[in-house]
Amino acid sequence: MSITNILSQGKRMRSLLTRYLPAALITIFSIGFATAGFAQGPGGRTFGFGLIVGDPTGGTVKIWLQREQALDFYIGGDYFGAPRIGGDYLWHFFPFNTDIANMYAGVGGTLGLGYGGGYWYGNEHGWYYRPNGGSALGVRALIGVNVMPRRTPLELFFELGPLLGITPGYGYGMDVALGVRFYP
């Protein structure tokens, strides 16, 4: 694949992103407000937003669908691309004898635009480094722990899991992140 083809793919992806991102964000917010009857976040709220640090590093949004199910979305950058956009479907389970802390597992997809590399280990030391930039598509699985302290509108979380890059070539990586979300 030539550099011209890679650059044209990147331009097409950016064009699609700028065309459909506003509609996607409106849909995400609508789902969040429509599912208020099933709210299970801090204070019984459905919609939270915050910051995530690690792989990826950026912003995050979570929408609770039911007590055990939620959607999360993120935008940031890491070894898979900068920017990196993705989302996961999460299943929560409750192995601890408390309502403050629980665990979750999920599956999702991610889109990496631009050069891969990494904030933590340099440009050419990532597991899924694309020296020619462009765009990449991947799937990931994750497991995590979240803590929602009583009488606060916050959720603290730690998650990790493998990421499998499926295009433009196969590759793998490990996502490890720490974050906080605020529930207004």
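The model shown is predicted, which means the values in this text are computed figures rather than measured ones.
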Working to the nearest 0.5 Å, report the span between CZ of Phe49 and OG1 of Thr60.
11.0 Å

Taking Val107 as the starting point, is it possible to reach Phe157 by hopping between hydrophobic residues whose side chains are less than 4.5 Å apart?
no

Show your working on side-chain contact (heavy atoms from CB on, under 4.5 Å) between Asp175 and Asp55 and close with a plain yes or no.
CA-CA 5 Å; Asp175 286 353; Asp55 288 318; 4.0 Å; yes

Distance from Ile143 atom CD1 to Leu90 atom CG, nearest 0.5 Å?
11.5 Å

Looking at Thr110 and Ile85, would you say the former's side chain and the latter's main chain have a donor-acceptor pair under 3.5 Å?
yes

First locate atom CG of Leu142, then atom CZ of Phe158, and finally report the distance between them rounded to the nearest 0.5 Å.
11.0 Å

Let me check something: do Tyr74 and Leu160 share a hydrophobic cluster, defined by ILVMFWY side-chain heavy atoms less than 4.5 Å apart, either directly or through other members?
no

The complete set of salt bridge (Lys or Arg N to Asp or Glu O under 4.0 Å) pairs with one or both residues in residues 87-107, sequence neighbours excluded, reads Asp88-Arg140, Asp99-Arg150

Closest non-hydrogen atom pair between Ser135 and Leu113, with its separation:
CB-CD2, 3.6 Å

Within-4.5 Å side-chain heavy-atom neighbours: Leu65 and Leu71
yes

Least distance between heavy atoms, Tyr183 atom then Thr46 atom:
CE2-O, 4.1 Å

To the nearest 0.5 Å, what is the distance between CG on Leu154 and CE on Met148?
11.5 Å

Glu159 vs Asn146 side-chain heavy atoms within contact, under 4.5 Å
no

Shared ILVMFWY cluster between Phe94 and Ile100, side chains joined below 4.5 angstrom?
no

About how many Å separate CG of Asp72 and CH2 of Trp64, when rounded to the nearest 0.5 Å?
10.5 Å

What are the two closest non-hydrogen atoms of Ala70 and Lys62, and how far apart are they?
CB-CE, 3.7 Å

Sorted by chain and residue number, the side chain to side chain contact (heavy atoms under 4.5 Å, CB included) partners of Val145 (sequence neighbours excluded) come out as Met103

Connected via hydrophobic side-chain network under 4.5 Å: Ile52 and Phe73
no

Can you give me the closest heavy-atom contact between Ala177 and Pro56, atom names plus distance?
CB-O, 4.4 Å

Separation of Thr57 OG1 from Leu178 CG (nearest 0.5 Å)
10.5 Å

Give a yes or no on whether Val61 and Tyr89 share a hydrophobic cluster (residues Ile, Leu, Val, Met, Phe, Trp, Tyr; joining criterion: side-chain heavy atoms under 4.5 Å apart).
yes

Please work out whether the ring planes of Tyr104 and His92 are parallel, tilted or perpendicular, with thresholds of 30° and 60°.
tilted

